[in-house]
Amino acid sequence: MATKWMEMVKCGLVALYFVWLISNRFGFVVSHGDINEVHIPQQFQRTSYHFQPLQNWMNDPNGPMYYKGIYHLFYQHNPNGAVFDSKIVWGHAVSRDLINWAHLNHALEPTHPFDINGCWSGSVSFLHNNKPVILYTGLDSSFQQVQNLAIPSNFSDPFLEIWTKSSHNPIIAPPNGIERHRFRDPTTAWPGPDGGWRIVIGGQTSYGGAAMLYRSEDFVHWHQSRFPLYSSRDSGNWECPDFYPVKLNGSNGIDSLNGFRVGAVKYVMKASFNSHDYYTLGSYVPEKEKFTSDSGDGFDLRGTNLGLRYDYGKFYASKTFYDSSQKRRILWGWVNESDSREDNIKKGWAGLQVVPRKIWLSKTGRQLIQWPVKEVEKLRTNRFSLYNKELRGRSTMKVLGGSASQVDAEVSFEFPYLEEAERVDTRWFDLDPQLLCSKRDASVNGRVGPFGLLVLASNDLSEHTAIFFRVLKAHNRYVVLMCSDQSRSSFREGVDKTTYGAFVDVDPRHEKISLRTLVDRSIVESFGGKGKTCITSRVYPTLAVDDDARLYAFNNGTQSVVISSLKVWKMWNAQIMSF
C-alpha cells in the first residue's frame with residue numbers, strides 16, 4: 001500500500017512539473033523529495049535553449065525514443081568531471097516537447113565485469129510487443145569492447161527510470177580479426193524477412209571501416225554475417241553507425257520496424273569517423289542482406305570534404321529515432337567544445353546537443369534535408385521583420401537593437417545582378433569548399449557575395465561570426481558556396497577558430513538563397529537552402545556577450561543583393577531541470 005501511495009505522489013509531482021514547464025518562463029531546479037530553488041551560476045558561454053547536463057562532461061546522444069507520451073534522451077556522461085573518462089555512464093532525461101527537459105538518475109552505470117570500465121554508446125530498439133530494450137557497448141574488465149543488453153524493470157513506467165542488465169551479458173564479443181578496442185556502438189535493430197532481428201556494429205575490418213551485420217532470433221543470441229552490411233577502405237574506424245529508411249516522397253518518417261515492407265524508400269547508411277558524420281543513400285535488399293550505395297563506389301563514405309555529411313561544422317556521433325507521435329524521424333548530434341581541457345575544468349561542464357532536427361529525403365533524392373523541430377518555435381518572442389530591402393555592395397546593416405545573444409533568424413536573398421558572378425576555371429566538383437571558405441573569408445570582397453549574417457557581433461564589429469554565401473559561375477552552371485567563418489569570433493587565444501564550408505544544392509536563377517541561424521550564446525547552428533546544408537559552430541566571444549551581442553546583415557560583394565525576407569526572434573530560455 002505504501003509503495004502504491006508513493007508512486008501516486010511521484011506521478012502527481014511529475015504532472016505538476018510538466019504543467020509548470022508549459023506555464024512558466026523562469027526556472028528553478030527540482031531536487032529529489034522537496035521542490036527547492038537551486039540556482040546554477042550563469043556563464044556567458046553556457047547555452048540557454050540547447051540540451052546539456054547541469055554540470056560535467058557530455059558526449060554522444062544514445063537511444064533517443066518516444067515512449068508512452070514521453071521523449072527520452074540518454075547520453076554519454078562523466079558525472080565526476082568536465083573531461084572525458086572511459087568510465088562513462090548513461091545519463092537520462094525526459095521531456096514532453098523535446099525542448100524543456102528533466103534529468104533523471106543515470107540509466108546505466110559500470111557495475112559488472114562486462115561493463116566495469118564504462119557504459120559506452122548504443123541504441124534503443126522496440127521489440128514486437130512495443131517494449132523498449134537497450135543495446136550498448138561495455139568496456140569490460142580486460143578493456144575490450146563487448147555488446148550488452150538492458151531491459152526496463154517496469155515497462156508500465158513511462159519514465160523508464162530503472163534498467164536491469166541481462167544475465168546473458170555480454171551477448172556479443174569481438175569476433176576474430178577485429179581489434180578489441182574497435183568494436184562498438186550497436187544500432188537500433190530492425191526485423192528481417194525471416195522474422196529475426198538485425199543490427200550493425202561499428203568497427204574496422206580487413207574491408208576498412210565497416211558496419212558489421214549481426215542476426216538474432218531472440219535478441220540474446222547473435223550471429224555475425226560473413227560480410228559487413230557496408231564498408232569503406234578509405235575511411236577510418238567507424239563509430240556510432242546508423243541505418244534507417246526514408247520515404248522517397250514527403251517529409252514523414254518511417255519506423256525501422258516497417259521500412260523493408262515499404263517499397264518507395266531509400267536507406268541511409270551513416271558512420272562517424274575523422275571527427276565528422278558522413279552518410280550515403282542507397283538501396284537495401286533484406287533477402288540478400290545487401291546495401292548498395294547510390295554513389296556506386298561508396299564515394300560519400302571516404303571522408304572527403306565533398307562527401308555527404310549531416311553537418312559540415314562541429315557535429316559528431318549523431319543518432320536518429322522515429323517519433324511515432326508526429327510520424328517524423330529526428331536527429332540528435334553532439335557538439336564538442338572548441339576551447340581547451342583546462343577551460344572545460346574551469347567552467348565545470350563540456351558538451352552540448354544540437355537542437356533536435358527533423359530529417360527527410362530531398363525531392364531530388366540526392367541528399368537529406370534537416371530542419372529544427374517545430375517545438376523550438378515556442379521559445380520565440382519579440383519578432384522583428386523586414387521585406388524587399390536592397391543591401392548594396394560593401395555595406396552592413398544592424399538588424400535589431402538590444403541583445404542578440406539568443407536569437408532565431410531566417411533570411412532569404414535575391415540577385416538582380418547574378419550574371420556578374422565570379423567565374424572559376426576548374427570544375428565545381430573539384431573544388432574544396434572548406435578550403436575556399438578559409439582562403440576567401442567574409443572580409444575578402446567578391447562580386448555576388450560574400451553576403452549573409454554577422455552573429456554574436458560586438459558593436460564595433462571587431463568580434464563577430466560570419467555565416468555567408470558566395471555565388472560562383474563554373475562552366476555552364478552557378479555554384480552556391482556556404483561558409484561559417486569563426487576567424488574573428490573571439491579575441492581569446494587557444495580557441496579553435498576553424499572556418500567551415502560546403503556547397504548548397506540550389507539554383508539561384510530559379511530560387512532564392514535562404515539561411516536560418518539559431519544563435520545561443522556559444523553555439524551557432526546554420527541551415528542553408530531550407531536545410532540542404534547545415535553548419536554548426538562553437539564560438540566564445542569576449543565582447544559580444546549578453547546585452548552587448550548584436551546581429552547584422554552584410555554584403556561584402558561589389559553587386560547589390562536584395563533581402564526578400566528577414567525575420568528575427570529573440571529566444572526564451574528552455575527549462576532544463578533535475579528530479
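Throughout, numbering of the chain's residues begins at 1 and tracks the sequence. From a predicted model like this one, the values you see are computed outputs, not experimental measurements.
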Exercise for the section: Begin from the C-alpha positions of Arg329 and Asp255 and carry the test salt bridge (Lys or Arg N to Asp or Glu O under 4.0 Å) through to its verdict. Expected result: CA-CA 8 Å; Arg329 183 162 290 273; Asp255 193 338; 5.4 Å; no

Problem - Beyond-backbone contact of Lys165 with Tyr136, side-chain heavy atoms, under 4.5 angstrom - result: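 Yes, side chains in contact.
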
Should the heavy atoms of other residues, nucleotides or ligands under 6.0 Å from [atom1] of [X] be counted, would the total exceed 12?
X: Asp194; atom1: CG; result: yes
X: Leu127; atom1: CG; result: yes
X: Glu217; atom1: CD; result: no
X: Asn129; atom1: CG; result: yes
X: Lys530; atom1: NZ; result: no

Exercise for the section: Would you verify whether the NZ or CZ of Arg46 falls within 45 degrees of the ring axis of Trp349 while also being under 6.0 Å from that six-membered ring's centre? Expected result: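 That pair qualifies as a cation-pi contact.
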
Handout entry: NZ or CZ of Lys270 within 45° of Tyr279 ring axis and under 6.0 Å
Key =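 Pair Lys270/Tyr279 does not count as cation-pi.
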
Is the ring pair [X]/[Y] parallel, tilted or perpendicular, if the boundaries are 30 and 60 degrees?
X: His276; Y: Tyr278; result: perpendicular
X: Phe51; Y: His103; result: tilted
X: Phe74; Y: His72; result: parallel
X: Tyr267; Y: Phe243; result: parallel

State the [atom1]-[atom2] distance between [X] and [Y], to the nearest 0.5 angstrom.
X: Asn59; Y: Gln76; atom1: CG; atom2: CD; value: 5.0 Å
X: Phe315; Y: Glu525; atom1: CZ; atom2: CD; value: 8.5 Å
X: Ser256; Y: Trp190; atom1: OG; atom2: CH2; value: 8.5 Å

Can you see which heavy atom on [X] is nearest to which on [Y], and at what distance?
X: Gly282; Y: Asp294; answer: CA-OD1, 3.4 Å
X: Asp115; Y: Gly138; answer: CB-CA, 4.0 Å
X: Phe114; Y: Pro170; answer: CB-CD, 4.0 Å

